[in-house]
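Remember, predicted model here, so these are calculated numbers, not experimental data.
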Amino acid sequence: MLALLPPDANQELRQVRIHQSTWRQLRVAQSIAELQAPVTGHLGPLNGQALATRVLQQVQQLAPDYLIRLLTQMDAIAALDQVQAADEAEKPARTSKKKVPERRR
């Protein structure tokens, strides 16, 4: 398959990978910055948003490389979810036409 690519393709692919890596790092940095922002108000001890924020902040302290991989995977899942939602929106709505059995008298 690589033989079919033009000679400059290897350099172009390397540049694409570098750009992908840069954007991935920027998204992760943005997500980490959002984690470091204080949670507004007293949401209570069992609030899901507050718990998730605290967990991710502790993961950042204990294993920052793991947090980066986790956030990258979460971004990928969110992107796939958007693609799936777009596909479902494009499909025509099916109307359910069930045959109703006729009643005999």
Side-chain angles (χ1 to χ4, degrees):
M1 175 131 185
L2 290 176
L4 299 175
L5 296 174
D8 291 342
N10 192 22
Q11 180 65 22
E12 290 175 14
L13 290 174
R14 186 176 307 132
Q15 292 298 321
V16 168
R17 288 186 192 118
I18 289 170
H19 288 293
Q20 285 177 338
S21 174
T22 302
W23 282 108
R24 186 178 311 120
Q25 289 173 357
L26 287 173
R27 282 193 305 270
V28 168
Q30 180 183 13
S31 297
I32 290 173
E34 290 173 3
L35 285 176
Q36 292 173 345
V39 179
T40 58
H42 180 67
L43 301 175
L46 298 178
N47 181 278
Q49 179 186 0
L51 288 174
T53 301
R54 271 190 251 136
V55 166
L56 291 174
Q57 286 171 345
Q58 288 195 358
V59 169
Q60 181 184 11
Q61 291 173 357
L62 298 173
D65 291 336
Y66 177 75
L67 179 65
I68 291 170
R69 288 195 312 260
L70 177 66
L71 291 174
T72 301
Q73 291 173 350
M74 289 172 65
D75 282 343
I77 290 171
L80 289 174
D81 191 36
Q82 289 176 354
V83 168
Q84 183 180 12
D87 284 347
E88 289 175 0
E90 289 178 4
K91 290 181 183 177
R94 286 187 173 178
T95 56
S96 174
K97 293 183 180 180
K98 292 183 179 180
K99 267 191 170 177
V100 179
E102 294 181 21
R103 293 178 70 186
R104 291 188 177 185
R105 294 186 184 183

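Grouping Ile, Leu, Val, Met, Phe, Trp and Tyr by side-chain contacts under 4.5 Å, direct or through others, puts Trp23 with Leu26.
Under the salt bridge (Lys or Arg N to Asp or Glu O under 4.0 Å) criterion, Arg27 pairs with Asp75, sequence neighbours left out.
Sorted pairs that involve residues 62-71 and meet salt bridge (Lys or Arg N to Asp or Glu O under 4.0 Å), not counting sequence neighbours, are lacking altogether.
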For this session: Mind running side-chain contact (heavy atoms from CB on, under 4.5 Å) on Gln84 and Leu80 for me, showing each step along the way?
Result: CA-CA 6 Å; Gln84 183 180 12; Leu80 289 174; over 6 Å; no

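Within the 4.5 Å cutoff, the side chain of Met74 has heavy atoms near those of the Leu70 side chain.
If you take CD1 on Ile68 and CD on Gln60, they are separated by 9.0 Å, rounding to the nearest 0.5 Å.
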